[in-house]
Every structure is written in structure tokens, then in C-alpha cells.
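Beneath this line is the structure, given in C-alpha cells, with notes to follow.
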Amino acid sequence: MGKILDISSEDRSADSILAWLRARHPELAEEAVAARAGDRILDLTAPLPETDKLEVLTFEDEAGREVYRHTASHIMADAVQSLFPEAKVAIGPAIQEGFYYDFDVPEPFTEDDLAKIEAKMREIIAADLPLVRKEMPRLEAINLFREKGEKYKAELLAAMPDEVVSTYSQGDFVDLCRGPHLPSTGRVKAFKLLSVAGAYWRGDERNPMLQRIYGTAFPTQEQLDEFLRRREEAARRDHRRLGRELDLFSIPEQLGGGLVLWHPKGGMLRYLIEEFCRREHLKRGYQMVFSPHIARAHLWETSGHLSFYRDGMYGPMMIDDEEYRIKPMNCPFHVLIYKSQVRSYRDLPLRLFELGTVYRYERSGVLHGLLRVRGFTQDDAHIICTPDQIGEEVKGVLDFALFLMRAFGYQDFQVDLSVRGDSDPDKYMGSDEEWEIAERSLVEAIESRGLSYHRAPGEAVFYGPKIDIKLEDSMGRLWQGPTIQFDFNLTSRFDMEYVGADGARHTPLMIHRALFGSLERFIGGYIEHTGGAFPVWLAPVQAKIIPIADRHHDYAQQVGRKLRESGVRVEVDDRRATTGAKIRDGEMQKIPYLLIVGDREQEADTVSVRKHGEGNLGAQGVDDFLSALAAELEPPGGLDAPV
RNA sequence: GCCGGCGUAGCUCAGUUGGAAGAGCAGCUGAUUUGUAAUCAGCGGGUCGCGGGUUCGAAUCCUGCCGCCGGCUCCA
């Protein structure tokens, strides 16, 4: 929130908000970027509005940041057009961490061009040109931009409903823009152009490819430097880099894009996560099932995947003249398990859980480390229940999802509820009654847990409403987390039934849910969240024993054996290297505990403990160390129910 | 898939106007027996992504493929 000023008793004689601010709040006038009156955001050059309250926006406000960076994008477009007069401008919004602008140019920009554009931008900023807003009828604007040859702007205008539109100009540069903007170009203090990339006009690959320049801007050089430093930090934590440095996984060219090899250390990490996951599912009444990787094409016809998910599926393979397909989802298998016998309401709820590996076609350009792959394992479960059980089931899943995410150190969530839109009711499967029951159970679950959420009408997939939970990581980035979806499609396509207390046959409700989503993507995100410094319970190697000289090797092995017997994953570094080198190595591998043993420790039956991120903790008895470690070895606690 | 960039030792990267393929780290061998983030020396290691072309001569220039990286609506 910006600073809110009471202006009810002010006279409106000042030329502009800015002039008024300068007279009454000089320090705020320098910081201000725009002002909000009611739900309208105004230029500082606008007259003082006839409202009681005026909210002064600075860069600290999200809306203010957008204005600031939007002006920076105009300055960039101005610079580009003065250096490349043939460049046509498309769109240039502010985005979360900066801004971009798309240009139609005969030749793509080079890195050298970026430097030239930056230099030109500095000139425009130094000139401190005022940004002038002008309103005009839409048709006049179309003509104006047509004359200038700005066909993209003209196209945008043609599609707009408004009768009157606005332009902003600075010097000779005029741009179609809703605004608002900074009062003058000199208000942009620190900026940097970051990258250039191709982007389709309106994001549609049938349209011409434009050149997009990304940049960012801040009020001070310090803030810009801090932003650039954070980007470097993010690059250091890139899971692909850590995957190699910590020897967790690889995606070798010879294997094929989007296909992952888990090395022993990454394999241990994944094994531990899977074990934890299985155990927690069993505690909550899920039953484990397994299914094969391929199935008859006929099954995928019944499930509908061959019609609505065909593009994501790999081609057929023939077995005994019968067509088979590799599975893109686990659902039909779980449905067949359900249908293997007549189900009574007494059998429900049935919770079938599988770590199911699926294969989906992804276009080569979108593959990305562990985050976007072609073969991955879901922690997939289907809950099949009666309508009067659904409320409790949804709450159970939501609690489970939050527990699991908190166990991995995610504390901040964003909950999205996707429901039907009004526009095209025919595209949705299931009855109105089913949709109502489903939506009500989702809303009740979210609200009963005191979570705030965002309701998105029209965002639901055709087969049912859903909850998506997004996680915020240690660097403030959002990741797709657990998802809870109703599926009215499969219950109907497979004629799923149960016999009710009344002896009649009923259609059950089915929830499809994945909490990690895919193990690959979750672990990829988790590697970046932790920077590769995993908590003790997940560290592939929890402790490394570093003997100082050869004569300490026996003692080191002895300590190693003792720890191993207590369930600690431990290695002994008996290489002929200096202690300093072994310690450096252990630190770079981010091993939680390094245990240095020399004459003193051997004498006293102790280890000298060095903890990752904290340094030397001094000597401790081996048993003392073990009992202190015991709590850290265990996964975070869940329900107390027996396995 | 499309636009751009990149592809040289296991990794990170040099390689000038076309003129004998390099460094650091890692690895191996040896010496050193080490006290909290790199001991020293020596050695091995390459189809310069793959194919075609230009040239007396190509890592370098041209061309076709392959792969990787960034991006491909956060809507004036």
C-alpha cells in the first residue's frame, strides 16, 4: 500500500498532483511514481482528483513498480526506434521482475545492439523529457499509427472496444498506451537490458516472430546490483548445475532428451523421498498398487485419452497384431482395479496409490533439466467414494498436501480453485449436481483450514473442478505443487459403480490427486530451494569422517562402523590428501557433518564436529554426537497412526 | 516446432587476420603424514558436435544435420 493522504479539504488549484505534492510533501514528491484515487491509477501530471483520499504510489508498491518499469520500456522503445528507424513496435509491458518490448525488425538484435540501445536510453533519461498523455478517438489513433506504419498498434486498436484511447509521447516518440507513466524520463535511475529472444506476435506460432528485449529498472543502482546478485545466486542454485556438481543425476545426449538417469547420490535422495511418501500414504489409509507401462490402445480409447490427450502420447507399438500404447497417465489402471469386483458402499472410500512412471511427449524446445521431462514418476492416487464421504476426503487430501510440503520446508502457499465457466456449459463432463457437490467440498476444505484462495471461473478442465497449490521457495519463486482434481469423465466412461445401502447401483465420485506432482519436477525444485544443502534426513551422505593422518584410519573406520550401525549414512575419506583439502571437498559436497579425527580424538574416543554452514563445533564423544544427531535422522513427524 | 545464441579434454573455459590444439580443476603416478574451505612434482587425456564444401592449408570461412541454452501474451 502506498501512502494515503486525506485531500478532502485541499483546493484543486495546483496544476498537477506532482506540483501539489512538491508544495505539501516535498520528499514524497521525489519518490512518487503515480497516484491512486479509488480504483484509478493516475499520472502525477494529472490534476488533483475530486476524491477525499489520494494514495501516493512509489516503487515499493507493486502498481508503482509497474508504472516505473513500463516507462522504462517506453524509453527502450524510443531508443530502439531512433537507432533502428525501420523497427515496428508491438507490445511492451512491465512484468514481474522488469519489462520487455517486442519489435518487428529485419535483423535480430545482437548483444552489441543492446549496449548501443542502453547508451541511447541513457541519453533519453539525461534529457529528462516529459511524458505527455493525449486522448483521442480510437479511429483517429488508428489512422495516426497506420500513417506511421505501426501496423501492430493499428491491429491492437482495431480490436479494442474503447471509443477513446490514449497515447503517451516523449520528445518525438509517440506510443499507444493506457498509462499511467512517470512524469519524465529522468525519473528512471538505474536500468539494465538483460536479454533478447524471439517471441511470436500475440504468442501464436502462426504469427510473425518478433524480437523481444528484456530489461529491468530500479530507483537506485544498489537495488539493481542486488537484483543482479540475486540472479547470479539463482544461477548458482540451478538444479542442473547442482545435479552435476553433487553427482545427483544426468540427462545424457545418448539417452535422449527429457530422459533422466539418477546417479547413486540422487538415487538415494529420491529413494528417501519415495519411502517417506509411501509411509505417509499408508498411514492415511491409502493402499499401494502397481501398474504396467503399456496397455492396449483400446483401453486408451475407452478412457478417452486417445482423443483428448493424443498429442501427449507416443506412437503405437504392435504386439501380436494388437496395438499398445505407453501410458501418459495412471488413471485407467486404477479404474480397472476398482472394477475388478463389484464394489459396495462399505468398500468406500477406496484410496489407490501408486508411484507411477508415465511418458508424455513434450516439444524439444520446452525440455528443461528435471523440471520438464518426457518420462517421470507421479505420486498418483485416486480416491473413489460416495457423495457423503467427499467432504472428509477432500479435507484429508488437503491436510496431507500441506503436511507434506511443510515437511520439505515450504511455508508459503498460493491456492487456486478452478471451477466451471458460464460461457460453454456443454464442454464439461458430469452433472450440475456433481459439479456443485465437488465445488462445495473443495471450498469447504480450503475455508475450514483457514487458507485464502483465488477462485478462477472457467479455468477448470472439462472433467472436473480442481485445487492447485503453488509453493513459494527460498528465493521467492512460485512452483506448481499439489493438485486435487475431480474426475467425472472416467467414472462415466468406465461405468464405475457401487452398490449402495439401498441395494441400488450408484456412480461414485473420484478424485485424482498428486502431491509432489512428479518426483522429477519436485526434486528439481527442491534442489534449488535448498541450494543442494539437504536436511540431514535427506542428505545422501550425512556424515563424512576425515582422518588427519594414515595412523587414524583404523579409528576412523571404527567410528564409521558405529555410526553406520546406528543408521547414519557415513563415508570415510581415507584419501592421501591434506585435511584442508578433504574439508573443502566435504563442504563443497554440502555434507551436513564432517567429523575430523586425529590423535586427540582417537585418545579420548571423540570426533571433532564440523557442521555445514556453521563451521567447527568442537570435539564431542561419539555417543554424544550420535544421540544429538538422532532427531535429525528422522523424517518430519506426521500422524501418529500405526503403519 | 519456431527465433536467437552456443557446441574445443570428465568440468570451466582460452585459442589473434585461416598457418604445429592450450590452461586451470578433476584423473593417474610419485613425494609429502598433514588439525577445520585447495601440499608439491610428473604423466596421461582431443574425430575441435557430425557430414559436405571453399582453400596449398580449416577449431577458425560457407552449408546441411544433431545437440544444448534462453525465449515464444505476465496482453496498448
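This is a predicted model, so every value here is computed, not measured. Order of the sequence lines sets the chain letters (A, B, ...), proteins ahead of strands, with each chain counted from 1.
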Legend entry - N/O (side chain, A:Thr578) to phosphate O (OP1/OP2, B:U39) under 4.0 Å: yes
Write down the distance separating the [atom1] atoms in [N] and [M], rounded off to the nearest Å.
| N | M | atom1 | value |
| --- | --- | --- | --- |
| B:A37 | B:G19 | C1' | 45 Å |
| B:A14 | B:A23 | P | 16 Å |
| B:G15 | B:G51 | C1' | 24 Å |
| B:G67 | B:C48 | C1' | 16 Å |
| B:C6 | B:U60 | P | 14 Å |
| B:G22 | B:U16 | C1' | 14 Å |
| B:C69 | B:G30 | P | 40 Å |
| B:G53 | B:G18 | C1' | 15 Å |

How many whole angstroms separate atom [atom1] of [X] from atom [atom2] of [N]?
| X | N | atom1 | atom2 | answer |
| --- | --- | --- | --- | --- |
| A:Leu259 | B:C68 | CG | P | 10 Å |
| A:Arg575 | B:A38 | CZ | P | 13 Å |
| A:Leu246 | B:G10 | CG | P | 21 Å |
| A:Ile545 | B:U36 | CD1 | P | 19 Å |

Among [options], the one nearest [X] by side-chain distance:
| X | options | answer |
| --- | --- | --- |
| A:Cys177 | B:A76, B:A38, B:G35 | B:A76 |
| A:Ser608 | B:G35, B:U36, B:U12 | B:U36 |
| A:Ala581 | B:A38, B:G35, B:A37 | B:A38 |
| A:Ile583 | B:A76, B:G35, B:A37 | B:A37 |

Legend entry - Summary of protein contacts for nucleotides 69-75 of chain B, nucleotide by nucleotide, where a base hit scores B, a sugar-phosphate-only hit scores S (4.0 Å, heavy atoms): SBBBBBS
Using a cut-off of 4.0 Å on non-hydrogen atoms, how would the nucleic acid contact of [X] be classed: base, sugar-phosphate, or nothing?
| X | answer |
| --- | --- |
| A:Gly586 | nothing |
| A:Asp599 | base |
| A:Arg551 | sugar-phosphate |
| A:Lys153 | sugar-phosphate |
| A:Gly598 | base |
| A:Gln211 | sugar-phosphate |
| A:Glu601 | base |

What is the base-pairing partner of [N], counting Watson-Crick and G-U wobble geometry with both distances under 3.5 Å?
| N | answer |
| --- | --- |
| B:G51 | B:U63 |
| B:U39 | B:A31 |
| B:G57 | none |
| B:G45 | none |
| B:A23 | B:U12 |
| B:G70 | B:C3 |

Legend entry - Under 3.5 Å side-chain donor-acceptor pair for A:Asp574 and A:His553: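 Looking only at side-chain atoms, A:His553 and A:Asp574 do not form any donor-acceptor pair under 3.5 Å.
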Inset, instruction - Step through it carefully: locate the ring centre of A:Phe227, locate the ring centre of A:Phe218, and say whether they are under 6.0 Å apart. - result: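 Yes, the ring centres sit under 6.0 Å apart.
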Inset, instruction - Sequence neighbours left out, what passes side-chain contact (heavy atoms from CB on, under 4.5 Å) with A:Ala217? Give chain and number order. - result: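 Only A:Tyr68, A:Arg69, A:Ala72, A:Phe99, A:Val188, A:Phe191 meet the side-chain contact (heavy atoms from CB on, under 4.5 Å) criterion with A:Ala217.
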Legend entry - A:Glu614, CD atom: more than 12 neighbouring heavy atoms under 6.0 Å: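 Yes, CD of A:Glu614 has more than 12 neighbouring heavy atoms, counting only those of other groups under 6.0 Å.
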Inset, instruction - Go through the steps to decide whether A:Arg231 and A:Glu97 satisfy the test salt bridge (Lys or Arg N to Asp or Glu O under 4.0 Å), and finish with yes or no. - result: CA-CA 11 Å; A:Arg231 279 182 116 221; A:Glu97 303 225 280; over 6 Å; no
